[in-house]
Amino acid sequence: VQLQASGGGLVQAGGSLRLSCAASGRTFSSYIMGWFRQTPGKEREFVAGIIWSGGHTYYADSVKGRFTISRDNAKNTVYLQMNSLKPEDTAVYYCAAGEYGELWDKETYHYWGQGTVVTVSS
């Protein structure tokens, strides 16, 4: 599966952005999908994950209550709605797909998109 993330940009603290990740392939609906982020000099960290049906989601504590992950299997797309953004949310955001495993575990995901940059100004 190939993944294409979009929707990043520059936003003021307290603002919102919605990231999208379009996937190719007919088996998108069978994949676990996740969002990760990375800043220079740091490891890529988990942000949010969603199972194939959308019936279960999981979030990093740092974004819980502010971010929402969702998916539209008919459109082969997963979304990350980001509200109440903070400067510390500034990062390159990556979407990822995996077949099975823990939603929060980077090892679950074998397919990665190219990343989209989110910058939150104070």
Donor-acceptor contacts under 3.5 Å from residues 3-21 side chains, at least two apart:
{"unit_1": "S16", "atom_1": "OG", "unit_2": "N83", "atom_2": "OD1", "d": "2.9"}

Kindly indicate whether the side chain of L80, heavy atoms from C-beta on, has any atom under 4.5 Å from the side chain of Y93. yes
Under 3.5 Å, sequence neighbours excluded: what are the donor-acceptor pairs made by side chains of residues 46-58?
{"unit_1": "S53", "atom_1": "OG", "unit_2": "G55", "atom_2": "N", "d": "3.1"}

Could you go step by step and tell me if W112 and K106 meet the side chain to side chain contact (heavy atoms under 4.5 Å, CB included) rule? CA-CA 11 Å; W112 294 84; K106 196 165 51 179; 3.7 Å; yes
What pairs with E45 under side chain to side chain donor-acceptor pair (under 3.5 Å), at least two apart in sequence or on another chain? R37
Working note: T77 + F28, criterion side chain to side chain contact (heavy atoms under 4.5 Å, CB included); need CA distance, chi angles, decisive distance, verdict. CA-CA 8 Å; T77 302; F28 171 79; 5.6 Å; no
Close side-chain approach of R66 to K86, heavy-atom, < 4.5 Å: yes
What heavy-atom pair brings V1 and A97 nearest, and what distance separates the two atoms? CG1-CB, 4.1 Å
Lys/Arg cation over aromatic Y94: R44, 6.0 Å, 45° cone: yes
Sequence neighbours left out, what passes side chain to side chain contact (heavy atoms under 4.5 Å, CB included) with T68? Give chain and number order. Y59, Q81
Side chain to side chain donor-acceptor pair (under 3.5 Å) partners for K64, two or more places apart: D61
Residue set satisfying side chain to side chain donor-acceptor pair (under 3.5 Å) with Y31, at least two apart, ordered chain then number -> none
Heavy atoms from other residues, nucleotides or ligands near CD of Q2 exceed 12 (cutoff 6.0 Å): no
If you compare all heavy atoms of L85 against all heavy atoms of M82, which two are closest, and at what distance to 0.1 Å? CD2-CB, 3.8 Å
Do you reckon F36 sits in the same ILVMFWY cluster as F67, going by side-chain contacts under 4.5 Å, direct or chained? no
When you measure from the side chain of S29 to the backbone of N73, do you find a donor-acceptor pair of N or O atoms at a distance under 3.5 Å? no
W35 and I69 have their tightest heavy-atom pair at CD1-CD1, 3.6 Å
Between G34 and Y109, which heavy-atom pair has the shortest distance, and what is it? N-CE2, 3.5 Å
Side chain proximity check, I32 to L103, heavy atoms < 4.5 angstrom: yes
